Amino acid sequence: MNAPEKLKDTLNLPKTNFPMRANAVVREPARMNHWETSEVYAKMQKKNQNGPSFVLHDGPPFTNGDVHVGTALNKILKDSILRYKNARGFRTPYLPGWDCHGLPIEHKVTKKLRASKKEFDAVELRKECEEFSKSYIETQRSQFKRLGVLADWEKEYKTMNPAYEAEILRTFADFVDQGLVYRSKKPVYWSIPCQTALAEAEIEYLDHTSPSIFVRFQIKGEQDEYLVIWTTTPWTLPANLAVAVHPRETYSEVQANGSSYWIAEQRVNEFTQECGFSDHTIGRTCTGAELAGKATLHPFIDRDSMVVTAEYVTMDTGTGCVHIAPGHGLDDYLTGLEHDLEIYCPLDDGGKYLDDGQIPKELVGLSVLEKADGSKANHAVLEILTSSGALLAQKQYNHQYPHCWRSKSPVIFRAMDQWFVSLDKEDLRTRCINGLKEVSFTPEWGRNRIHGFLEARPDWCISRQRSWGVPIPVFFDDDGNVLLDSKLIEFLAAKISQDGCNLWFSQTAEELLAGYELPDSWKGRKLTKGQDTLDVWIDSGCSHRAVLRENEEVSCPADLYLEGSDQHRGWFQSSLWTSMVSTQSAPYRRILTHGFVVNGEGKKISKSDGKPQTADSFVTKYGADVLRLWVCSEDFRRDIPLSDEILEQAVRAYRTLRNTLRFQLGALHDFSQAEHLVPIEQMSPIDLWTLGKTNDLIREVTDACEKYEFHRAIQCLNRFCSGILSSTYHDVIKDRLYTLDPNDPLRRSTQSALTKVFETLIKLIGPFTPYIADEAWAFGQSGEEYCKDSLSLQDWPKEIDLGAGQIAVSDVQELLDLKDSHVNEALESLRVKKEIGQSLDAWVTLCIATDSKFVEILKRRSLDELAELFIVSSVTLENLPSGEGDKVTACHASGIRCPRSWRWVPELVKVEPWGEVSPRCAEVLAKIG
RNA sequence: GGGCUCAUAGCUCAGUUGGUUAGAGCACCGUGUUGAUAACGCGGGGGUCGGUGGUUCAAGUCCACCUGGGCCCA
């Protein structure tokens, strides 16, 4: 080694290859690959194989696009929790999943196939859907990995796997077995030209002109006294079964032309205008609740129509009296259920009135479908109403009306046979609600939320008229009787567990039933397959049995389900119902929910905000650690704001962290724990103080993590880097690190403490920002980019017992407080007067009263220690009388400035070949020489 | 319209069972350093705690209403 040529070269300045700039976009993927090839996930599991397990069960994302930033947030939280729990010694198996079936995929694929003008059947459609789903699984998996998510990707689950599909069917078989499944009508959107049911997503709202009519319903038992309804779908009147009024609104009796018409008070003016009443008076008034219970006569069918109350009745349009046809509207349907009305729908698949003995002869066979010249059914109904005098007024009405996305024709709401699960039979609802008592919620209000849903939801409609899903395995005979048989479903599940659900679509009923012994009463009948598929909430909702019970490394109930707060209504609930039916208990011990990502103004992010909000759009700009730091800085239980400003803040926090770690690595470049470690008992006070603060940090961060309050952990870490390290410890120790002899005990003491601080820090940030933590760890271990064992294989840091060092710690704390409150103030005033620049130019005098707490402290501490803590060249003491209070004064240091240590000393000593330096530096240089 | 929920400095967050002039980090402004330098130190400004009313000796903290967000329904 060449002799140093300049004084600066005799200093032990920081030295490290740890790059100042992350270059995360390039270097993070390399580290990700390193983790993958070195099988970090498997090693983490092996490390804790005998530890207690912590099972976080992954809610499967839907596989129809790039990973959204909200989904990224979810996966980042899961990964952070698992990395933390693993560091705490838990076995943390993580089997990620994918939700594959469902309308959005079927919709997209259908569009694509239709554009190619090819004919296709359900089997081909399903094949395309499967390919579609598979391709996005590949995309999303790689995007999740890029976020730093560690998982058992070999054992990921897919709801379209045959084995999984079989479990869905077995869940359905359990429902059937317990007598919960029944068939009933429910209105769905129906496209008459396409002869198919439509989902909300397949509906387009287009401008449409409908007849708007006011129709009177005579109150039973009263002469010339009527309720008046308003509707824009005359064709639904034959299915009218009730009239709904608002319970708390006022209704008035309008007397005109010798008759009485009951109308909501607020609607009287418009109504009388529409009807052209030149002269009318207002008679009695009452509330809607008082009208309820009366019977009215259907205007042209011999049938009563009851007056009922409904909260959804509005005063904006119409008459405040709503025509209810339970078979032709969702509100009507729910009102029907509430009042035990028949879900009546006298239409066939072609939208033509059926002859059921009630429909007037002149209507039977007429289609309700609207064509250019209107709907035949509407015309005929209007004719009947006109001739009977029930029609009070009529005009054309322009509004938005739902249309079929394919045929562009108006759709109708039409009740069809659906499959339902009864939620009250076998006390199922009560059992679910009780089951929640054993479940913990973060935040606690999640319990209220799911409880409300459980109490209020009507029976579960589980059938969908779709192809991309798991079929409802029922058979019909020619008379429409249904074969619903749990044994048969189990039999089919066994077949499907091998070949998948495509079997149902590609085979005939005979082929499917081959090998199954039908019940005697069903033998010999000609059977056809059912056409419906199961609600996809059953798919994901039975993951507890398809995944948690089918893989030996996990178990049920899971320790944690963690999803967005929308899943109180979705997955948390569907999982609970299915689990309660199958196993009599909830599938989770704790439910943790996060809010939704919103923009800088706190509003929901939408496509109109501009750029697509994919995880990749952020990762390719900022890197995964910055995105993760953002996630973990936010209180995720409420709305989570995201903006450029907020991400820039995460960038700055990341840079601070990076610089802090880089400084420490540089300071530790010549330190070996094996050779140089100084035991606690021999450490200097400032080092002990820092270790004390590090203990506090460990406690605070651990506490925050245990409560899943990562944002508190990040705040503690930021404060630690800034307040404890950067402005205090790092600043103080520079002098001894740089200027002392490399092996000086004081210097080695500091390096010993710094090693502990450094390792603690990177272990604490490991769950949140794994890339930089592992990078710093590798440089700390080997001085190079990678080392043998990843940081992920290290345990969570433990507090250090400082023992007798506590006294020194509190001394240092008092002196640092004095520095904050008095010393810096004195220095700043000198600086303002341009008398000093850096603090080492100063000489501080402490004026201590005889009754001051510092009297005792100063007996234990040397003035050199004080000068070091204050980062000044010298400190002297003066005594003040009791009761005076402590004072601090400062002036420019006297003597000569040492060009090596920059401290002012009375005189310099000459050392060849470097020239004049302070006596302390001279001793150091003598050893080098 | 309903259920659940949120609202503290420019930003992200603390603020224990109601009790002295509401805190932190970042940002901002000023300044020092140039041996953490696309870094670091020191100093400073900045909030009538969304609004209104109430309970109380005392409220960011309890109650009511209102305003504005979010999720889920309708």
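The model shown is predicted, which means the values in this text are computed figures rather than measured ones. Just so we're on the same page: letters track the sequence lines, and every chain starts at 1.
- Distances shown here put every side-chain N or O of A:Lys604 at or beyond 4.0 Å from the OP1 or OP2 atom of B:G69.
- Only the C1' atoms considered, B:G44 is 26 Å distant from B:A38, to the nearest whole Å.
- A:Leu737 has its CG atom 15 Å from the C1' atom of B:C40, to the nearest Å.
- Rounded to whole Å, the distance from CZ on A:Arg652 to P on B:A38 is 18 Å.
- Using atom P as the reference point in both B:C29 and B:U61, the two lie 34 Å apart (nearest Å).
- For A:Arg897 and A:Ser873, the side-chain atoms include no donor-acceptor pair closer than 3.5 Å.
- Of the candidates B:G35, B:C71, B:U37, the closest approach to any side-chain atom of A:Asp566 belongs to B:C71.
- Proximity note for A:Arg449 (side chain, C-beta onward) versus B:A27, B:C71, B:G70: the nearest is B:C71.
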N/O contacts under 3.5 Å, protein versus nucleotides 28-34 of chain B?
from: B:G32; atom 1: OP1; to: A:Lys834; atom 2: NZ; distance (Å): 2.6
from: B:G32; atom 1: O2'; to: A:Gly837; atom 2: O; distance (Å): 3.1

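- Side-chain nitrogen and oxygen atoms of A:Thr660 include none within less than 4.0 Å of the OP1 or OP2 phosphate oxygen of B:A36.
- A:Phe453 carries A:Arg569 over the face of its six-membered ring, with the cationic atom under 6.0 Å from the centre and within 45° of the normal.
- Side-chain atoms of A:Arg27 come within 3.5 Å of backbone atoms of A:Ala22 as a donor-acceptor pair (strictly under, hydrogens ignored).
- Residues A:Trp630 and A:Phe618 keep their aromatic ring centres 6.0 Å or farther apart.
- Using a 4.0 Å heavy-atom distance criterion, A:Gly452 is classed as making no nucleic acid contact.
- At the heavy-atom level, A:Pro899 lies under 4.0 Å from base atoms of the strands shown.
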Show me the protein contacts with nucleotides 13-17 of chain B, counting only N or O atoms at under 3.5 Å.
from: B:C13; atom 1: OP1; to: A:Glu634; atom 2: OE1; distance (Å): 2.3
from: B:C13; atom 1: OP1; to: A:Asp635; atom 2: N; distance (Å): 2.7
from: B:C13; atom 1: O4'; to: A:Gln715; atom 2: NE2; distance (Å): 3.3
from: B:C13; atom 1: O3'; to: A:His711; atom 2: NE2; distance (Å): 3.1
from: B:C13; atom 1: O2'; to: A:Gln715; atom 2: NE2; distance (Å): 3.3
from: B:A14; atom 1: OP1; to: A:His711; atom 2: NE2; distance (Å): 2.5

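- Residue contacts for A:His568: at a heavy-atom cut-off of 4.0 Å it reaches no nucleic acid atom on any strand shown.
- Per the geometry, CZ belonging to A:Arg662 stands 13 Å off C1' belonging to B:C40, to the nearest Å.
- For the pair A:His68 (side chain) and A:Gly70 (backbone), a donor-acceptor distance under 3.5 Å is present.
- A sub-4.0 Å separation between OP1 or OP2 of B:G41 and a side-chain N or O of A:Ser726 is present.
- In this entry the distance linking OH of A:Tyr729 with P of B:C40 reads 19 Å, nearest Å.
- A:Arg658 forms a cation-pi arrangement with A:Phe18, by the criterion of a distance under 6.0 Å to the ring centre and an angle within 45° of the ring axis.
- B:A9 and B:G3 are spaced 29 Å apart, taking the P atom of each and rounding to whole Å.
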Strand RNA chain B in bracket notation, Watson-Crick/G-U under 3.5 Å with | for pairs to another chain = (((((((..((((.....[...)))).(((((.......))))).....(((((..]....)))))))))))).

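- Between the P atom of B:G2 and the CZ atom of A:Phe453 lies a distance of 16 Å, rounded to the nearest Å.
- Between the CD1 atom of A:Ile724 and the C1' atom of B:G41 there is a distance of 16 Å, given to the nearest Å.
- Not one side-chain nitrogen or oxygen of A:Asn824 sits closer than 4.0 Å to the OP1 or OP2 atom of B:G41.
- Checked against the 6.0 Å centroid criterion, the rings of A:Tyr401 and A:Tyr205 do not qualify as a close aromatic pair.
- Rounded to whole Å, the C1' atom of B:A36 lies 24 Å from the corresponding atom of B:A24.
- Picking from B:C40, B:A74, B:C4 the nucleotide with the shortest atom distance to the side chain of A:Tyr312 gives B:A74.
- Of the C1' atoms belonging to B:A59 and B:G51, the separation is 16 Å, rounded to the nearest Å.
- Taking 4.5 Å as the limit, every side-chain heavy atom of A:Val732 sits out of range of all side-chain heavy atoms of A:Trp689.
- A donor-acceptor pair under 3.5 Å is absent between the side-chain atoms of A:Asp332 and the main chain of A:His328, judged by distance alone.
- Spacing of C1' atoms, B:G45 relative to B:A27, comes out at 13 Å, to the nearest Å.
- Residue A:Glu835 places its CD atom among more than 12 non-hydrogen atoms of other residues, nucleotides or ligands, all under 6.0 Å distant.
- Taking atom CD1 of A:Ile450 as the reference point, atom C1' of B:U5 lies 16 Å away to the nearest angstrom.
- The 5' end of RNA chain B is approached more closely, in terms of each residue's nearest nucleotide, by A:Glu645 than by the other of A:Glu645 and A:Ser565.
- In this structure, A:Arg449 fails the cation-pi test against A:Trp445, since its NZ or CZ atom is not both closer than 6.0 Å to the six-membered ring centre and inside 45 degrees of the ring normal.
- Both A:Gly723 and A:Arg655 lie near RNA chain B, and the one whose nearest nucleotide falls closer to the 5' end is A:Gly723.
- Under 3.5 Å, the side chains of A:Thr16 and A:Arg662 contain no donor-acceptor pair of N or O atoms.
- You'll find that the side chain of A:Leu11 is closest to B:G35, out of B:G25, B:C71, B:G35.
- Using a 4.0 Å heavy-atom distance criterion, A:Arg900 is classed as a base contact.
- For A:Trp445, counting side-chain heavy atoms from C-beta on, the closest listed nucleotide (B:G25, B:U5, B:G35) is B:U5.
- For A:Gln649, the side-chain atoms get nearest to B:G25 when compared with the rest of B:C40, B:G25, B:G70.
- Put simply, NE2 on A:His451 is 18 Å from C1' on B:C73, counting in whole angstrom units.
- For the salt bridge (charged side-chain N to carboxylate O under 4.0 Å, His left out) test with A:Arg736, the passing option among A:Asp731, A:Asp741, A:Asp687 is A:Asp687; the others fail.
- No side-chain heavy atom of A:Asn12 sits less than 4.5 Å from a side-chain heavy atom of A:Leu737.
- Here the separation of B:U67 from B:G30, taken at their P atoms, is 43 Å to the nearest Å.
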